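What follows is a short report on a single structure.
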Amino acid sequence: MEGLFSIRDARDGDMELIDAYAHAEGMDRIPGPDCVRVAVNDEDVVVAFCRLQDDANGIAYVNPIVTYAAWRGYGVGRALIEDARAIAGELRLIARGTSEGFYRKLGFVEMPWSDVDLEAASEECDTCPYRESCGPVPMRLAQP
Ligand SMILES: CC(C)(COP(=O)(O)OP(=O)(O)OC[C@H]1O[C@@H](n2cnc3c(N)ncnc32)[C@H](O)[C@@H]1OP(=O)(O)O)[C@@H](O)C(=O)NCCC(=O)NCCS
């Protein structure tokens, strides 16, 4: 798949697909293209996106990353995380239990809940009715 996608800043015209991908994962609407990077195919159609949100100390939270289902397993998610790391340095996030293995593969390690900026992470795990089945894990990837 290498060479079949490239990464660029998101634009207004990408938002419909981005929101459809987020919606399909039960995620909130993405407010706009700011701080969103997209992977696009050879026809410049979005196949994945990654949004970064800074906390009060300027640490970037991945919130969220989604690869369109048909494109999963081809290195797009890894490329977006590498791109985010090159832009932002240290990355933090709250992983859904189902994606923890993906982050561990990329070098993320677990961090304590006390280190999480819940506003930047945009997660309401404490009150979420699906917390038990989701199994959220706070994680970080140190600066290269
Ligand atoms: C998690 C997600 C972004 C991964 O995207 P992707 O484009 O399929 O990831 P990649 O193909 O770059 O995978 C990189 C590596 O992680 C592995 N991997 C991917 N998803 C995995 C998972 N859920 N569990 C364990 N390993 C995983 C791949 O096998 C690959 O390993 P390799 O390098 O040894 O081949 C994608 O599955 C997704 O959009 N999931 C739904 C949304 C979601 O849960 N997002 C995270 C919110 S916290």
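Counting starts at 1 for both ligands and their atoms, following the listed order. Only heavy atoms go into these numbers, but all of them, side chains included; no hydrogens, no water, no symmetry mates. In this text, all values refer to a predicted model and were calculated from it rather than measured experimentally.
- Counting heavy-atom neighbours within 6.0 Å of Tyr68 OH, excluding the residue itself, gives a total of 12 or less.
- Numbered from 1 in the order shown, with element, the atoms of ligand 1 that lie under 4.0 Å from a heavy atom of Val66 read 39 (O).
- The closest heavy-atom contact to atom 14 (C) of ligand 1, among the options Phe102, Phe49, Tyr103, comes from Phe102.
- Near Tyr74, with a cut-off below 4.0 Å to any heavy atom, the atoms of ligand 1 are 11 (O).
- Nearest protein heavy-atom neighbour of atom 23 (N) of ligand 1: Thr98 O, 2.9 Å.
- Between the side chain of Arg51 and the backbone N or O of Val36, no donor-acceptor pair lies under 3.5 Å.
- Considering every non-hydrogen atom in both Ile30 and Pro64, the closest pair reads CD1-CD, 3.7 Å.
- Ligand-side atoms of ligand 1 in range of Ile94: 48 (S), range being under 4.0 angstrom from any heavy atom.
- The protein non-hydrogen atom at the shortest distance from atom 37 (O) of ligand 1 is Arg72 CD, 3.4 Å.
- Here the heavy atom of the protein found nearest to atom 45 (N) of ligand 1 is Ile65 O, 2.9 Å.
- Side-chain contact between Ile81 and Leu141: present, with at least one pair of heavy atoms (C-beta onward) separated by less than 4.5 Å.
- Looking only at protein heavy atoms, the nearest one to atom 11 (O) of ligand 1 is Gly75 N, 2.8 Å.
- Nearest non-hydrogen protein atom to atom 12 (O) of ligand 1 is Arg78 N, 2.7 Å.
- For atom 8 (O) of ligand 1, the choice among Gly73, Ala69, Gly77 with the nearest heavy atom turns out to be Gly73.
- By the definition of a contact as any protein heavy atom under 4.0 Å away, atom 35 (O) of ligand 1 is not in contact.
- At the top of the distance list for atom 44 (O) of ligand 1, counting protein heavy atoms only, stands Arg96 CD, 3.8 Å.
- The shortest distance between side-chain heavy atoms of Val46 and Tyr21 falls below 4.5 Å.
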Margin query: Does Arg8 form a salt bridge (charged side-chain N to carboxylate O under 4.0 Å, His left out) with Asp44? I'd like the steps, not just the answer.
Written below: CA-CA 10 Å; Arg8 61 164 172 75; Asp44 202 36; 2.9 Å; yes
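- Between Ile94 and Trp113, the closest heavy-atom pair is CD1-CZ3, 3.8 Å.
- Set against the non-hydrogen atoms of Glu25, the atoms of ligand 1 under 4.0 Å away are 41 (C), 42 (C).
- Atom 28 (C) of ligand 1 has as its closest protein heavy atom Lys105 CD, 4.7 Å.
- Taking the side chain as every heavy atom from C-beta outward, Pro33 and Arg11 never approach each other to under 4.5 Å.
- In this structure, Asn63 contributes its side chain and Ala120 its backbone to a donor-acceptor pair below 3.5 Å.
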Next item on the list: Give the C-alpha distance, both sets of side-chain angles, the deciding distance and a yes or no for side chain to side chain contact (heavy atoms under 4.5 Å, CB included) between Phe5 and Trp71.
Entry: CA-CA 10 Å; Phe5 66 91; Trp71 276 75; 4.2 Å; yes
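- Taking a 4.0 Å cut-off on heavy atoms, Val62 fails to register as neighbouring ligand 1.
- Nearest to atom 3 (C) of ligand 1 among the protein's heavy atoms is Thr67 OG1, 3.9 Å.
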